[in-house]
Amino acid sequence: MVNNIQSTQIRNVLVRYLEERRPGVDYGTFHGLVSELAGVFWADIETHHPGIDTLRIPDDVIDGWKQRLMTYTDKSGRVRERRSRIDVMMRIRGFYLDIQEWAHEDPYWAHWAVPSPITRGDGAGNQKMVKQTTARMHQRVRERLPHLPLLVETAERVRREAVALLDAARATPFNEVFEHDGRRYLRVLPAVNQVPSRLDHGSPHVYIKGVGSTGRRINQSVVEDDAFWAWAVIEALRHTGVRAEELTELTHLALVSYKLPDQPPEKGEVVPLLQIVPSKSNEERLLLVSPELASVLATIIKRLRDANGGKIPLVARYDSHERVTGPQLPHLFQRRPYWQPQVMSEAAVKRLLDRTLECTGLRDQAGEPLRYTPHDFRRMFATEAVTGGLPVHIAARILGHKTLTTTQAYLAVFQDELIRTYRGFLDRRRAARPQEEYREPTPQEWRDFQQHFELRKVSLGTCRASLRNPLQARACLHPLPSPPDGPPPEASPHRDHPEPSRTHPRGPRQRLARRG
């Protein structure tokens with residue numbers, strides 16, 4: 001992306017700046033910084049103003065760029081609003097301010113130290129946009145969390161049906177018809193498997209075709225493999241809350257045992273833990289393996305061992321973020337699409353989720369197919385854990401967050417869950433206190449309590465009048481105190497208000513001193 005910049009001087013400045021920033025940020029921040037500085041910012045300026053080779057941008061040029069920053073064109077050609085425009089401008093401002101600061105120590109940056117075209121006022125409204133983003137995340141969780149049981153059930157059903165059809169096809173000789181679940185199929189022997197000289201002679205793949213169907217033959221072995229790994233991905237994501245990258249990095253070596261130290265040696269309990277290697281935030285953590293997660297991991301390990309002679313193959317994983325290939329390890333989420341096993345990529349994980357979602361038939365409020373991302377399972381895991389009673393700071397450690405603010409942004413609170421959790425808190429607090437502190441209210445106390453709310457009610461007419469006269473509505477909500485008993489105080493015969501006492505002397509000097 002940097003190589004597409006026309007100006008050689010600006011390209012060298014951006015490359016050197018990015019090299020200075022790279023050691024202190026993670027790959028996600030670095031990738032976003034490269035795309036915003038080189039693509040969204042400078043490449044756009046060069047496209048509309050060719051020949052510019054200085055960081056001192058004229059006002060009309062930067063105003064036009066800010067206007068174009070409001071929208072972008074997606075892959076389908078539709079123009080959409082850029083919700084991260086304020087973040088982009090603040091990163092551009094940080095780019096200029098970093099150069100100004102580095103110019104005091106490195107003479108190379110002195111020539112490029114110019115005032116920033118992005119002012120502090122351009123970042124106004126960032127907090128509002130952050131709150132809007134958090135609200136959209138919460139709404140996304142509220143829409144998808146109720147459908148999670150259906151998604152899990154569909155993944156299990158599709159897996160069972162694929163296994164049953166594969167077993168029925170394997171039990172049928174080649175070029176013969178068999179019936180399964182009310183449909184008739186023909187087991188097909190491809191011509192390529194009939195040539196002994198070919199390497200794939202005697203392939204374990206099972207091909208079938210519907211009787212009377214004009215479509216292509218189906219590789220039922222691949223269909224069953226897709227169904228199994230789709231089920232494994234969904235179960236692992238919803239029971240761990242890990243990122244998609246962390247899921248593909250899981251190995252057989254990540255399963256460790258831990259002995260609880262607060263128990264006697266003869267009765268020491270050993271609990272299984274799942275080690276999550278450092279990924280995005282370089283935070284290594286351990287997750288407690290629940291019985292449901294242990295069953296899923298055991299099923300994956302058994303499948304890999306049965307298909308590879310009792311061993312889990314050692315596979316090298318390619319990191320698409322760091323652009324490096326890791327060492328050979330017994331990865332759990334590996335498949336054999338061709339002649340050698342490969343670790344699943346993040347795109348493959350999303351593709352498996354989309355195929356399972358097509359089988360559910362779920363729709364959103366707009367009638368479009370409902371989509372899940374691997375990060376949606378992470379937010380749903382955090383929401384279910386905290387609403388189930390897990391403290392927020394413990395959930396932050398499990399998710400690998402450095403601050404509680406990040407974890408709180410994941411939590412979508414449901415109204416019924418809020419009421420149920422608060423009632424449970426009150427019940428636990430009441431059970432911990434002496435019973436003498438609690439008593440049933442008397443009928444008179446209960447009537448006074450209800451009458452308090454009746455007196456505070458405002459009629460519909462008063463509400464309408466409040467739109468015209470706010471003081472009248474305030475007087476209704478907060479009525480003035482009733483006058484004391486007894487005759488009213490006598491008013492002055494010449495003034496509407498009593499004359500205030502004159503404690504200040506008269507005169508110009510005295511008035512100035514009083515004002516001072």
Side-chain angles (χ1 to χ4, degrees), residues 150-236 248 295-313 315 331-345 347-361 369 372:
L150 177 60
L151 178 61
V152 174
E153 180 184 356
T154 303
E156 179 64 28
R157 176 180 56 83
V158 172
R159 176 195 170 198
R160 291 196 307 266
E161 294 176 353
V163 171
L165 182 56
L166 180 61
D167 293 341
R170 283 177 176 171
T172 304
F174 292 108
N175 299 326
E176 290 192 8
V177 178
F178 67 97
E179 185 175 353
H180 177 76
D181 198 15
R183 296 187 60 182
R184 301 181 64 193
Y185 298 92
L186 172 67
R187 183 174 181 182
V188 181
L189 179 61
V192 68
N193 293 340
Q194 302 176 12
V195 181
S197 61
R198 294 294 299 268
L199 294 178
D200 53 358
H201 175 71
S203 173
H205 292 278
V206 177
Y207 294 89
I208 61 174
K209 185 177 181 181
V211 176
S213 175
T214 58
R216 301 177 59 183
R217 62 176 183 266
I218 303 172
N219 189 342
Q220 188 60 27
S221 301
V222 176
V223 173
E224 188 273 337
D225 196 60
D226 289 342
F228 173 82
W229 288 112
W231 168 83
V233 164
I234 293 174
E235 291 292 329
T248 58
S295 176
V296 175
L297 296 178
T299 305
I300 295 175
I301 294 173
K302 182 179 182 302
R303 182 183 182 89
L304 293 176
R305 286 177 173 174
D306 293 344
N308 298 278
K311 298 180 181 180
I312 299 179
V315 186
H331 288 90
L332 296 182
F333 286 85
Q334 58 172 284
R335 302 178 64 182
R336 190 185 294 271
Y338 300 106
W339 59 276
Q340 64 178 358
Q342 296 179 1
V343 181
M344 284 191 296
S345 62
V349 172
K350 296 178 182 178
R351 185 166 55 251
L352 293 174
L353 288 177
D354 293 340
R355 291 180 180 178
T356 308
L357 285 168
E358 291 178 0
C359 300
T360 61
Y372 282 71

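The salt bridge (Lys or Arg N to Asp or Glu O under 4.0 Å) search around D181 returns none, not counting sequence neighbours. Residues passing the salt bridge (Lys or Arg N to Asp or Glu O under 4.0 Å) test with R303 are E224, D225, sequence neighbours excluded. Applying the side-chain contact (heavy atoms from CB on, under 4.5 Å) rule to T299 yields the partners R159, F228, W231, S295; only residues at least two apart in sequence or on another chain are considered. Remark: K302 pairs with D306 by the salt bridge (Lys or Arg N to Asp or Glu O under 4.0 Å) rule, at least two apart or across chains. Remark: V158 engages T154, A227, C359 in a side-chain contact (heavy atoms from CB on, under 4.5 Å) (not counting sequence neighbours). By the side-chain contact (heavy atoms from CB on, under 4.5 Å) test, V222 pairs with H205, N219, D226, sequence neighbours left out. Residues forming a salt bridge (Lys or Arg N to Asp or Glu O under 4.0 Å) with R351 (at least two apart in sequence, or on another chain): none. In this structure, E179 has no side chain to side chain donor-acceptor pair (under 3.5 Å) partners at least two apart in sequence or on a different chain.
Pairing each heavy atom of A168 with each of H180, the nearest pair is CB-ND1, 4.2 Å. Minimum interatomic distance between L332 and I300 (heavy atoms only, all atoms of both residues): O-CG2, 3.6 Å. Contact record, V296 with E235: CG2-CB, 3.6 Å, taken as the closest heavy-atom pair. When all heavy atoms of V315 and P341 are compared, the closest pair comes out as CG1-O, 3.7 Å.
Between T248 and S345, the closest side-chain pair of non-hydrogen atoms is not below 4.5 Å. The closest side-chain heavy-atom distance from I218 to K209 is not below 4.5 Å.
Put simply, CG on L352 and CH2 on W229 are 10.0 Å apart, with the number rounded to the nearest 0.5 Å. To the nearest 0.5 Å, the span separating CZ on R355 from CG on L357 amounts to 12.5 Å. Between the OH atom in Y372 and the CD1 atom in I234 there is a gap of 9.5 Å [rounded to 0.5 Å]. Separating the CG atom in L189 from the CZ atom in R217 is a distance of 9.5 Å, to the nearest 0.5 Å. Separation of atoms CG (L186) and OH (Y207) is listed at 14.5 Å; rounding is to 0.5 Å. In this structure, the separation between CG on L165 and CD1 on I208 is 4.0 Å, given to the nearest 0.5 Å.
Heavy atoms of other residues, nucleotides or ligands lying less than 6.0 angstrom from CZ of R336 number more than 12.
Without hydrogens or angle criteria, R187 side chain to A169 main chain gives a donor-acceptor distance under 3.5 Å.
Within the structure, the salt bridge (charged side-chain N to carboxylate O under 4.0 Å, His left out) test picks out the following pairs touching residues 161-177 (sequence neighbours left out): R157-E161.
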